[in-house]
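Notes follow once the structure below has been shown.
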Amino acid sequence: MAPSLPKSMLLQVALFLVLSVFSARADPDPLADFTPSNQTSFVFRSLGTNGVVSVSAGGKRAGLSAHQCNLPSADGITYVRFEMAPCGVNEPHIHPRASEILTLVSGGALQVGFVDTKSTPHIDLIYPGDVTIFPQGMMHFEINLGNTTALYFSALNSENPGTL
């Protein structure tokens, strides 16, 4: 005869299994695969002038996220267009709630880098067409080493990535 488990232990095992099933579901995809009823277009015109624009010593930044541009199908994403002046610097900063993927379109070279959790710096030069990634929460920077304006785009996987 097989040993039997006490009723309290059976209840604990059953509760564990039920909670495991409900907590094991995947995170929802931030991109909707259907058109929301209030969205008629998937186009945002003239990001450089119609986005949330800011100008600093390093250059001109224009960003958008779903709640800023009425594109609910882009929930969970922030997109930034940056025109970096020659010798411009996007000073070291972190995004505590997002990873960033950066694509250099023209100009440069850009010196890009971040410091990982072991305090190891990862510094590279990127050229038009190159892509780099800054992991979430890692201190990173960009410097335009070229003598012309560098145009790059960054996508972050949060509507509110934060910048510190």
Side-chain angles (χ1 to χ4, degrees), residues 20 22-34 36 39 41-164:
S20 296
F22 285 109
S23 64
R25 61 180 185 240
D27 289 338
D29 187 346
L31 292 177
D33 58 358
F34 59 90
Q39 186 168 348
S41 175
F42 286 86
V43 176
F44 183 83
R45 303 260 182 227
S46 301
L47 174 60
T49 54
N50 293 326
V52 177
V53 178
S54 63
V55 178
S56 68
K60 178 181 174 186
R61 180 183 298 111
L64 70 94
S65 64
H67 70 277
Q68 293 167 325
C69 64
N70 196 26
L71 290 175
S73 59
D75 285 349
I77 297 173
T78 295
Y79 196 61
V80 179
R81 177 184 195 270
F82 202 113
E83 297 173 49
M84 184 174 281
C87 300
V89 177
N90 193 7
E91 295 178 346
H93 62 283
I94 67 169
H95 303 292
R97 294 179 294 278
S99 294
E100 176 179 352
I101 185 166
L102 181 151
T103 304
L104 180 60
V105 176
S106 63
L110 281 186
Q111 183 178 52
V112 298
F114 69 92
V115 179
D116 68 20
T117 57
K118 295 180 181 177
S119 298
T120 304
H122 300 273
I123 300 172
D124 293 289
L125 290 179
I126 64 170
Y127 300 91
D130 290 349
V131 175
T132 190
I133 296 174
F134 303 121
Q136 179 177 345
M138 298 292 107
M139 174 99 41
H140 61 280
F141 68 92
E142 303 90 36
I143 302 171
N144 182 359
L145 300 179
N147 57 11
T148 61
T149 299
L151 173 64
Y152 63 86
F153 290 88
S154 290
L156 298 100
N157 62 336
S158 171
E159 283 183 55
N160 185 13
T163 301
L164 304 173

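In this text the structure is predicted, and so the values were computed from the model without any measurement.
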Item checked: Candidate pair L102 and L110, rule side-chain contact (heavy atoms from CB on, under 4.5 Å), full reasoning -> CA-CA 11 Å; L102 181 151; L110 281 186; 4.3 Å; yes

Quick one: side chains of residues 139-146, donor-acceptor pairs under 3.5 Å with protein atoms, not counting sequence neighbours, listed by atom name and distance.
{"from": "H140", "atom 1": "ND1", "to": "H93", "atom 2": "O", "distance (Å)": "3.3"}
{"from": "H140", "atom 1": "ND1", "to": "M138", "atom 2": "O", "distance (Å)": "3.0"}
{"from": "H140", "atom 1": "NE2", "to": "H93", "atom 2": "NE2", "distance (Å)": "3.0"}
{"from": "H140", "atom 1": "NE2", "to": "H95", "atom 2": "NE2", "distance (Å)": "3.4"}
{"from": "H140", "atom 1": "NE2", "to": "E100", "atom 2": "OE1", "distance (Å)": "3.0"}
{"from": "E142", "atom 1": "OE1", "to": "N90", "atom 2": "ND2", "distance (Å)": "2.6"}
{"from": "E142", "atom 1": "OE1", "to": "Y152", "atom 2": "OH", "distance (Å)": "3.0"}
{"from": "N144", "atom 1": "OD1", "to": "G146", "atom 2": "N", "distance (Å)": "2.8"}
{"from": "N144", "atom 1": "ND2", "to": "M84", "atom 2": "O", "distance (Å)": "3.1"}
{"from": "N144", "atom 1": "ND2", "to": "A85", "atom 2": "O", "distance (Å)": "3.2"}
{"from": "N144", "atom 1": "ND2", "to": "T148", "atom 2": "O", "distance (Å)": "2.9"}

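- Residues that satisfy the side chain to side chain contact (heavy atoms under 4.5 Å, CB included) test with V105, not counting sequence neighbours, are L151, F153.
- Every residue two or more places apart in sequence or in another chain that forms a side chain to side chain contact (heavy atoms under 4.5 Å, CB included) with P96 is listed here: I94, L164.
- Counting all heavy atoms, side chain and backbone alike, N160 lies closest to R97 at O-NE, 2.7 Å.
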Tell me which donor-acceptor pairs under 3.5 Å the side chains of residues 118-130 have, and how far apart each pair is, sequence neighbours excluded?
{"from": "H122", "atom 1": "NE2", "to": "D116", "atom 2": "OD2", "distance (Å)": "2.8"}
{"from": "D130", "atom 1": "OD2", "to": "Y127", "atom 2": "N", "distance (Å)": "2.8"}

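- Considering all non-hydrogen atoms of both residues, Y79 and A155 come closest at CD1-CB, 4.0 Å.
- Put simply, the side chain of S154 does not reach to within 4.5 Å of the side chain of F82, judged on heavy atoms.
- Evaluation of the side chain to side chain contact (heavy atoms under 4.5 Å, CB included) rule for S99 yields Q136, N157 as partners, not counting sequence neighbours.
- Heavy atoms only, all atoms of each residue included: S158 and T78 are closest at O-OG1, 2.5 Å.
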